[in-house]
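Please read all numbers here as calculations on a predicted model, not as lab measurements. Whatever order the structure lists them in is the order used to number ligands and atoms, beginning at 1.
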Amino acid sequence: MTPPSTARLKQLDRDHHLHPFTDFKALGEEGSRIITSADGIYIHDADGNRILDAMAGLWCVNLGYGRQELVDAATEQLQQLPYYNNFFKTTHPPAVELAETLCRLAPAHMNRVFFTGSGSEANDTVLRMVRRYWALKGKPEKQWVIGRENGYHGSTVAGMSLGGMAPMHEQGGPCVPGITHIRQPWWFSEGRDMSPDEFGRVCAQALDERIQELGADKVAAFIAEPVQGAGGAIIPPDSYWPAIKEVLAKYDILLVADEVICGFGRLGEWFGSVHYGIEPDLMPVAKGLSSGYLPIGGVLVGDRVANTLIDEGGEFYHGFTYSGHPTCAAVALKNLQLMEQEGVVEHVRDVAGPYLAKRWKELEQHPLIGEARSLGLIGALEIAADKTTGQRFDKSLAVGNLCRDICFETGLVMRSVGDTMVISPPLVISVEQIDELVDLARAALDETARRLEARGVTLDPSMETLA
Ligand SMILES: *Cc1c(COP(=O)(O)O)cnc(C)c1O
């Protein structure tokens with residue numbers, strides 16, 4: 001049977017497929033791009049374009065596309081035992097081996113893992129666990145979980161509620177009760193009237209104040225991404241995490257570090273928490289765990305919570321059909337083994353991360369860019385109408401989306417979050433490929449500037465320096 005033509009696929013997509021995080025009507029009018037194959041850090045579309053995927057799919061294809069070892073791991077497991085569950089006192093080798101490997105790679109105090117099918121399910125599990133933990137400790141009134149505005153913890157009802165994405169709350173509410181949000185440590189957007197370090201401390205102070213308002217005896221946990229991903233690759237000021245750590249130490253409150261993006265090498269350590277020297281009680285993981293080849297997530301559980309759930313909890317009434325799915329677990333296990341064998345985390349920490357930092361910072365010279373920041377292999381560009389004050393372009397211009405569309409046309413996947421451009425490339429990217437990425441990004445910025453001018457937008461006079 002011959003597969004449908006590209007035109008036919010696009011029509012069928014319009015007719016039948018509701019895409020995630022998409023304006024259905026607008027997409028129906030524009031039509032979608034059909035990705036047909038990929039290798040290394042490049043994807044290929046049905047129209048014959050080769051595109052450098054600087055988002056690693058959705059922050060997940062850390063080992064890059066086309067890794068035969070992962071294909072083989074899946075094939076072998078599908079033949080051996082495609083599916084069996086972990087309920088009712090059973091398990092299978094891939095789930096056990098993956099659990100052991102994860103706990104070996106995690107900080108020393110984390111020795112248990114609960115598997116899920118995704119990052120959202122991992123955060124649902126987090127909410128169940130922290131409330132269960134405090135109930136078992138005889139403090140059932142410790143219910144509140146504090147998250148952050150513009151944080152992202154997934155799209156299930158609990159994930160959405162823990163996250164601080166206002167548009168999601170507006171559509172999906174009312175949210176799960178007992179969740180509240182404090183301000184985010186986004187210096188470029190919210191902290192420019194003070195130094196980054198001052199601002200970091202002010203944001204941590206907001207946590208202290210919220211805890212006092214709610215009463216420490218009512219607060220179960222604080223949840224945050226070490227570096228906010230979906231919010232716009234927001235790297236907190238250096239002062240932020242140490243100050244947060246101090247606040248949490250003052251009160252008896254659990255720390256949940258959402259490692260769904262930062263985990264598995266993105267920041268140049270196995271976990272973002274290690275980079276920042278924080279010791280979370282729980283770490284939800286997903287995405288890079290399997291390099292995105294198959295869906296799998298989990299929650300790494302520190303000894304304090306795990307021992308209570310084990311020793312005092314009885315049955316924990318929670319789990320998913322696909323918790324620890326053998327084929328997904330086999331691929332995740334192989335993915336971690338390859339990362340270890342190939343020194344991928346060291347490559348990010350010692351080679352690719354520092355090189356990207358240097359090349360990426362050069363883009364700050366571009367007239368459209370107010371700030372270029374990166375850490376490990378996550379980075380962002382803040383597009384601004386005025387470089388010095390950081391003032392944004394008029395919202396109606398949708399400059400971020402314009403730039404993103406130009407990137408796609410010119411062979412680069414770079415995501416836009418408002419007027420923040422974001423990258424999170426495969427961790428195996430080479431220095432030559434980083435050069436290619438930066439060149440493509442600069443060309444896209446130049447083209448964005450030209451199109452703005454063509455629409456009559458007056459740009460910063462320094463735009464004359466453009467070729
Ligand atoms: C993507 C993401 C999630 C949700 O993961 P899904 O697998 O999409 O459910 C949760 N937390 C963070 C930090 C994420 O980036």
Side-chain angles (χ1 to χ4, degrees), residues 19-22 55-62 114-130 145 147-165 168-169 172 175-176 179 181 184-186 221-236 241 255-267 271-273 275-276 278 280 282-300 320-325 328-329 331-332 335 375-380 415 417 420 422-425 427:
H19 292 222
F21 282 94
T22 293
M55 280 305 297
L58 264 181
W59 328 80
C60 57
V61 188
N62 288 357
F114 189 102
F115 288 118
T116 68
S118 68
S120 300
E121 289 176 6
N123 281 309
D124 276 58
T125 303
V126 159
L127 188 59
R128 301 276 300 259
M129 279 184 176
V130 297
V145 178
R148 300 186 301 185
E149 290 162 9
N150 201 34
Y152 189 77
H153 301 296
S155 196
T156 52
V157 175
M160 167 204 71
S161 303
L162 290 166
M165 296 289 176
M168 291 176 79
H169 293 172
C175 294
V176 174
I179 297 172
H181 303 88
Q184 57 178 331
W186 187 6
F222 173 62
I223 182 168
E225 304 151 82
V227 167
Q228 279 157 272
I234 296 161
I235 302 164
W241 275 113
L255 171 60
V256 183
D258 185 337
E259 295 273 0
V260 171
I261 287 176
C262 296
F264 312 108
R266 178 64 51 199
L267 305 187
F271 296 93
S273 299
H275 172 82
Y276 284 113
I278 49 181
L282 299 157
M283 296 198 308
V285 295
K287 293 196 170 110
L289 171 55
S290 64
S291 279
Y293 278 54
L294 286 176
I296 183 166
V299 182
L300 282 151
F320 302 102
T321 304
Y322 299 139
S323 284
H325 188 291
C328 302
V331 168
N335 177 61
L375 177 62
L377 285 180
I378 194 167
R415 178 163 164 188
V417 181
T420 308
V422 174
I423 58 161
S424 169
L427 303 186

Test item: D258 side-chain N/O and I223 main-chain N/O as donor-acceptor pair under 3.5 Å: no

Sub-4.0 Å atoms of ligand 1 with respect to non-hydrogen atoms of I261: 15 (O)

Atoms in ligand 1 with a heavy atom of K287 nearer than 4.0 Å: 1 (C), 2 (C), 3 (C), 14 (C), 15 (O)

CA sep, side-chain torsions, deciding dist, call: E121, T156, side-chain hydrogen bond (donor to acceptor under 3.5 Å, both in side chains): CA-CA 7 Å; E121 289 176 6; T156 52; over 6 Å; no

Subset of ligand 1 atoms that lie under 4.0 Å from at least one heavy atom of S118: 7 (O), 9 (O)

Side chain, backbone, both or neither: Y152 near ligand 1, heavy atoms under 4.0 Å: both

Short side-chain to backbone donor-acceptor contact, H169 and M160, under 3.5 Å: yes

Region of N123 that comes within reach of ligand 1 [heavy atoms, distance under 4.0 Å]: side chain

Top protein contact for atom 11 (N) of ligand 1, by heavy-atom distance: D258 OD2, 2.7 Å

Distance filter under 4.0 Å to E225 heavy atoms, resulting ligand 1 atoms: 13 (C)

Numbered atoms of ligand 1 (with element) below 4.0 Å of H153, judged on heavy atoms: 10 (C), 11 (N)

Protein contact to atom 7 (O) of ligand 1 [nearest heavy atom, distance to 0.1 Å]: G119 N, 2.9 Å

Identity and separation of the nearest protein heavy atom to atom 8 (O) of ligand 1: S120 OG, 4.3 Å

Side-chain (S291) to main-chain (V61) donor-acceptor, under 3.5 angstrom: no

